[in-house]
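Just below is one structure, and these are the notes that go with it.
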Amino acid sequence: MNISYKFLDLRTLEFAYFDENLNGDEGRMEIKTSFGYGVDASTHRLSCMLEVMYSIEDRPVMKIKTGATYELDAESFGSFVKGETFEMPVEPVRHFSSMLYGATRGILSCKLEGTRLQQMILPPRNLDTTIAEPLHIALRE
């Protein structure tokens with residue numbers, strides 16, 4: 001499947017770290033990630049959002065939320081429109097999500113540089129198991 005698109009932007013929507021929640025005798029660090037998506041049919045744009053939360057024993061340690069916007073050409077966008085629904089197969093969803101995930105790893109590294117949390121990296125991740133379903137979004141006028 002060949003999709004023509006243009007990368008429009010990358011944003012850090014939220015960022016916070018809670019140094020006070022690290023007390024030296026930490027337990028196991030838990031990392032939760034979640035993706036979100038949106039489309040704008042009038043501009044042929046796909047938005048991807050990624051939220052990452054680090055915590056230790058339910059104490060938040062760090063949170064970052066990023067977003068990226070891609071503009072698909074009219075033909076590519078149209079190939080995903082099925083009636084009143086935008087339906088993108090899992091492979092391109094993984095592609096766009098992987099680009100955002102990798103960018104978020106870099107953003108996080110820069111934001112934590114020089115802090116006590118600078119060793120907290122977002123580990124590389126194969127999104128094959130994380131993103132296992134096609135994307136279905138109802139189109140609105």
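Along the sequence shown, residues carry numbers from 1.
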Would a 4.5 Å heavy-atom cut-off, applied to side chains only, mark [X] and [Y] as touching?
{"X": "P60", "Y": "M53", "answer": "yes"}
{"X": "P123", "Y": "I31", "answer": "yes"}
{"X": "H136", "Y": "M88", "answer": "no"}
{"X": "E133", "Y": "V90", "answer": "no"}
{"X": "I64", "Y": "M62", "answer": "yes"}
{"X": "L135", "Y": "L46", "answer": "yes"}
{"X": "V61", "Y": "M120", "answer": "yes"}

**OP:** Would you mind listing every salt bridge (Lys or Arg N to Asp or Glu O under 4.0 Å) that reaches into residues 87-97, with sequence neighbours excluded?
**Re:** R94-D128
Subject >> Any pair counted as salt bridge (Lys or Arg N to Asp or Glu O under 4.0 Å), so long as it reaches residues 61-74, sequence neighbours left out >> reply: E14-K63, R45-E71, E51-K63
Subject >> Of L10, L112, L122, the residue whose pairing with I107 passes side-chain contact (heavy atoms from CB on, under 4.5 Å) >> reply: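 Answer to the side-chain contact (heavy atoms from CB on, under 4.5 Å) test with I107 among L10, L112, L122: L10.
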Subject >> Exercise: identify the closest heavy-atom pair between A41 and L139 >> reply: CB-CD2, 4.2 Å
Subject >> Where I3 and S76 come nearest, the two heavy atoms and their spacing >> reply: CA-OG, 3.6 Å
**OP:** Could you list the residues that satisfy salt bridge (Lys or Arg N to Asp or Glu O under 4.0 Å) with K82, not counting sequence neighbours?
**Re:** none
**OP:** Give the C-alpha distance, both sets of side-chain angles, the deciding distance and a yes or no for side chain to side chain contact (heavy atoms under 4.5 Å, CB included) between Y54 and L108.
**Re:** CA-CA 12 Å; Y54 287 72; L108 187 58; 3.6 Å; yes
Could I get the full list of side-chain hydrogen bond (donor to acceptor under 3.5 Å, both in side chains) partners for [X], not counting sequence neighbours?
{"X": "S34", "answer": "none"}
{"X": "H95", "answer": "Y5"}
{"X": "D9", "answer": "R11, T69"}
{"X": "T129", "answer": "none"}

**OP:** Just grab all the side chain to side chain donor-acceptor pair (under 3.5 Å) pairs involving residues 98-115, residues at least two apart or on different chains.
**Re:**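 Pairs touching residues 98-115 that pass the test: T66-T104.
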If Ile, Leu, Val, Met, Phe, Trp and Tyr residues are connected whenever their side-chain heavy atoms lie under 4.5 Å apart, and connections chain through other members, are [X] and [Y] in the same group?
{"X": "V52", "Y": "M49", "result": "no"}
{"X": "I137", "Y": "V81", "result": "yes"}
{"X": "F18", "Y": "F15", "result": "no"}

Subject >> Gap separating the CG atom of L100 from the CG atom of L50, nearest 0.5 angstrom >> reply: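 L100 CG to L50 CG: 5.0 Å, rounded to 0.5 Å.
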Original post:
Rounded to the nearest 0.5 Å, how far does CE of M29 lie from CD of Q119?
Top reply: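 Answer rounded to 0.5 Å: 11.5 Å.
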Subject >> Partners meeting ring-ring contact (aromatic ring centres under 6.0 Å, His included) with F86 (sequence neighbours left out) >> reply: F77, F80
**OP:** Taking ring-ring contact (aromatic ring centres under 6.0 Å, His included) as the test, write out the residues that go with F7, two or more places apart.
**Re:** Y70
Subject >> Y37 and F35 aromatic ring geometry - parallel, tilted or perpendicular at 30°/60° bounds >> reply: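 Aromatic pair F35/Y37 classed parallel.
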